[in-house]
Number of protein chains: 2
Amino acid sequence: MKLSKQFPLNALRVFESVARFGSFTKAGDELGMTQTAVSYQIKLLEENIGEPLFLRRPRQIELTEAGEHLAPKVSEAFNILIEAMASMRKATEETLTIHSTATFAQQWLSRYIGAFQLQFPDIAVRLVTSGNIVDFQKEAADVAIRWGRGDWPGLISHCIMKLDFAPMLSPKLAAEIGGVHEPADLLKLPLISAGDPWWAQWFAAAGVKDADLSRYPKSEFGTQILDASIAMAGGGVAMLNPGHFQEDVATGRLYQPFELTGNDGRDYWLAYPENRRNVPKIRNFRKWLLEKFNVEQD
Amino acid sequence: MKLSKQFPLNALRVFESVARFGSFTKAGDELGMTQTAVSYQIKLLEENIGEPLFLRRPRQIELTEAGEHLAPKVSEAFNILIEAMASMRKATEETLTIHSTATFAQQWLSRYIGAFQLQFPDIAVRLVTSGNIVDFQKEAADVAIRWGRGDWPGLISHCIMKLDFAPMLSPKLAAEIGGVHEPADLLKLPLISAGDPWWAQWFAAAGVKDADLSRYPKSEFGTQILDASIAMAGGGVAMLNPGHFQEDVATGRLYQPFELTGNDGRDYWLAYPENRRNVPKIRNFRKWLLEKFNVEQD
DNA sequence: TTTCATGGATAAGTTCTCTTTATGGATGCA
DNA sequence: TGCATCCATAAAGAGAACTTATCCATGAAA
């Protein structure tokens with residue numbers, strides 16, 4: 001049996017409106033349906049209950065005793081439902097959930113998100129950092145900031161930052177070995193997250209052909225943030241994205257000995273589901289973020 | 001726009017069940033639908049709200065924060081609705097509304113309805129007497145007792161009493177004219193409701209050919225009860241149904257001078273809508289009434 | 001490890017509810 | 001008397017909602 005047959009919910013909704021207006025026609029207007037449809041639904045409900053809910057008087061209707069009894073409860077129930085749905089919709093409309101890599105969140109978002117909130121005080125920001133690629137189908141994410149090739153199906157992606165990489169270390173550590181003059185000098189120092197293919201790629205690009213990286217510990221710290229912290233503490237050389245750490249370089253916490261950067265074709269992207277591109281909070285965030293990065297808008 | 005589109009009520013109902021069971025499959029069982037249909041409805045609701053309500057974990061699902069927020073309110077609202085509908089159904093199930101002619105109600109029902117209530121203490125009886133033929137479509141009537149030919153479309157009818165008619169008067173009035181010996185004697189007395197075609201029919205059947213009824217006042221009292229009261233008070237001769245007034249005849253309040261009765265093909269019927277023949281209260285009343293009148297049951 | 005059982009997602013097709021259009025009837029008002 | 005209002009009914013069409021069939025992932029059992 002169909003659900004709507006056992007419990008005529010839509011008919012109840014129509015009934016609520018009719019009881020309020022005392023008119024089939026007006027209720028139809030409110031609900032965006034014809035008077036005929038209203039008549040049909042009321043008849044349905046009356047059949048379901050087993051007695052009339054309205055007395056059909058000429059040019060007006062009147063609640064029967066039964067209808068009089070039913071109306072306030074139905075009204076109360078629908079008010080609860082409507083309010084619950086409204087507050088839910090409002091919450092999702094006004095909360096922007098950003099999924100981001102830990103590095104981008106800490107190095108960039110944490111610094112500028114305040115400006116966004118000043119500009120859009122009605123939008124509450126929820127920032128989620130996780131290592132995994134977010135599945136917009138399954139999680140309540142509005143936008144994601146991720147690195148990759150920007151070719152995710154079903155998503156719109158804007159490249160916001162080249163994900164270049166270059167070796168960085170603390171100035172102090174560099175001084176200890178008498179300065180880093182050429183790429184091969186780096187091999188004298190501990191390489192952080194040496195298993196990362198970026199190392200091999202960068203050394204190849206720098207003309208160091210026989211770099212044996214296998215002798216370094218295979219530790220992976222997962223985020224550049226951790227690698228950077230270790231490097232700043234003098235623990236070795238980290239392969240970092242200059243875009244993220246330019247401030248640390250400027251203030252002398254980190255030192256980038258060579259201009260040469262690598263890029264493996266993967267960059268930083270802002271991404272969001274194609275079908276939600278016009279949701280206001282998403283549009284606002286996209287516009288704000290792309291302006292910050294001087295990206296051409298579409 | 002469709003009503004169900006602006007406000008997915010059925011989806012909410014499904015959601016309530018799923019939230020309670022923590023399972024699409026179990027909710028489907030409860031609602032009498034397949035797991036697939038449940039999945040569809042939940043997806044619909046999630047799209048409407050704009051974020052997931054359940055986290056799909058391997059062999060179980062879990063409410064998201066949003067779902068957790070929505071569930072109790074939805075549950076509350078539906079409890080109100082369910083309870084309201086149930087109490088309404090219960091009221092209509094347990095109240096038997098009988099529409100009857102005033103005469104039958106006063107002469108017969110008033111005497112025996114007590115026995116029915118003793119036998120079915122759970123059924124509350126509401127007795128409505130009205131001159132009009134009841135429209136089961138428009139009024140909250142369960143059964144009707146009416147006279148006619150029993151050929152009402154959409155209704156089941158049981159003939160419970162022949163609607164014969166015979167002249168009756170008070171014994172005292174009869175004595176005043178030296179007794180009523182032959183039908184024509186009646187013409188010496190005032191005929192009550194003389195405009196009623198029953199008079200002409202009865203006199204014709206009695207062999208009184210030239211009865212001029214036009215000289216009597218045309219008053220119509222509408223119910224036999226009133227005619228009978230006037231007759232008992234010695235106000236004239238009334239054309240009454242012996243079945244209704246046998247007790248008054250037995251106790252001498254009325255006198256029926258001739259055995260001859262007329263019948264115009266219309267009798268007393270119990271009637272109720274065909275599609276409600278199996279409603280318990282109706283079935284019980286029918287059985288009880290037909291037994292009282294020794295009518296063959298089907 | 002392989003197999004089985006559980007629970008949900010997806011695709012495609014079908015049913016039938018719900019809606020609309022068109023029309024009629026009843027009543028009140030000018 | 002004619003017009004406007006309001007609800008009821010009939011017929012037909014649209015599309016929502018449901019089902020069947022199938023697949024996938026996971027956890028438990030053999």
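Scope of the values below: all heavy atoms of this structure, side chains included, with no hydrogens, waters or symmetry mates. Every chain is numbered from 1, with letters handed out A, B, ... down the list of sequences.
A parallel orientation is assigned to the rings of Trp198(B) and Phe165(B), their planes being inclined by less than 30° (bins at 30° and 60°).
Taking side-chain N and O atoms only, Arg56(B) has no distance below 4.0 Å to OP1 or OP2 of dG7(C). A close approach under 4.0 Å does not occur between any side-chain nitrogen or oxygen of Ser39(A) and OP1 or OP2 of dC7(D). At the phosphate of dT19(D), neither OP1 nor OP2 sits under 4.0 Å from any side-chain N or O atom of Gln35(B). Residue Gln41(B) places no side-chain N or O under 4.0 Å from the OP1 or OP2 atom of dA16(D). Thr34(A) has no side-chain polar atom (N or O) that falls below the 4.0 Å cut-off from OP1 or OP2 of dT19(C). In terms of phosphate contacts, Thr25(A) brings a side-chain nitrogen or oxygen within less than 4.0 Å of OP1 or OP2 of dC7(D). Look at Lys43(A) and you'll find a side-chain N or O under 4.0 angstrom from OP1 or OP2 of dT9(D).
Using a 4.0 Å heavy-atom criterion, one finds that Phe24(A) contacts the sugar-phosphate atoms exclusively. In this structure, Gln60(A) reaches neither bases nor backbone, as no heavy-atom distance under 4.0 Å exists between it and the strands shown. Base contact: Thr36(B) has a heavy atom under 4.0 Å from a base atom.
Rounded to an integer number of Å, the gap from Tyr40(A) OH to dA22(C) P is 20 Å. In this structure, Arg57(A) places its CZ atom 18 Å from C1' of dG25(C), rounding to the nearest Å. Rounded to an integer number of Å, the gap from Glu62(B) CD to dG8(C) C1' is 15 Å. Between Leu44(A) atom CG and dA8(D) atom P there is a gap of 13 Å when expressed in whole angstrom units. Rounded to whole Å, atom P of dT17(C) lies 18 Å from atom CD1 of Ile42(A). One interatomic measurement links the two molecules: CG of Asp29(A) to P of dT5(D), which rounds to 13 Å at whole-angstrom precision. Summarising the geometry, the separation between CD on Glu47(B) and P on dA16(D) is reported as 12 Å, rounded to the nearest angstrom. In this structure, CZ of Phe21(B) is placed 18 Å from P of dT6(C), rounded to the nearest angstrom.
Comparing dT20(C), dT19(D), dC7(D) by their nearest atom to the side chain of Met33(A) picks out dT20(C). Which of dC18(C), dG8(C), dA17(D) sits closest to the side chain of Ile61(B) comes down to dG8(C).
Tyr272(B) does not carry Arg277(B) over the face of its six-membered ring by the limits of under 6.0 Å from the centre and within 45° of the normal. At least one cation-pi condition fails for Arg146(B) and Tyr268(B): the charged atom is not both under 6.0 angstrom from the six-membered ring centre and inside a 45 degree cone around its axis.
The backbone N or O of Gly28(A) lies less than 3.5 Å from no partner atom in the side chain of Gln35(A), so there is not a single donor-acceptor pair. Thr92(B) places no side-chain N or O within 3.5 Å of a backbone atom of Gly50(A) that could act as its donor or acceptor partner.
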